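Source: prediction; values computed, not measured. Side chains included, hydrogens not; waters and symmetry mates left out as well; all remaining heavy atoms used.
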Amino acid sequence: MARLVGFKPPKGEIGMKKLMTMARQFRDDENGAAMVEYSILIGIIAAASILIIVGIGLWVTGRFTGLCNAMNGAGVPGSCGLTGTGS
């Protein structure tokens, strides 16, 4: 396309070319897609870690509660709030 000296294209034409150029760059640029994929992966790992930690906490709480109940049932002094004379 030949350019005429002093000819300025309408503003809409310039904007459209710039938009098309930006669209091509975005399409060809894979860094953005990789960043989104890594962000999703980090989110999944974080959620899984939180669920595992909460699960372990609930398991430990259950084990200590069971131990406490067993010791109280056996009459062990000083265990889990049960007062006694001690030895």
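- Residues satisfying the side chain to side chain contact (heavy atoms under 4.5 Å, CB included) test with Ser49, not counting sequence neighbours, are Ile45.
- Under the 4.5 Å side-chain heavy-atom criterion for grouping Ile, Leu, Val, Met, Phe, Trp and Tyr, Trp59 is connected to Phe64 within one hydrophobic cluster.
- If you chain together ILVMFWY residues whose side-chain heavy atoms come under 4.5 Å of each other, Val54 ends up grouped with Ile50, Leu58.
- In this structure, Val60 is a member of the same hydrophobic cluster as Ile52, with clusters built from ILVMFWY side-chain heavy atoms closer than 4.5 Å.
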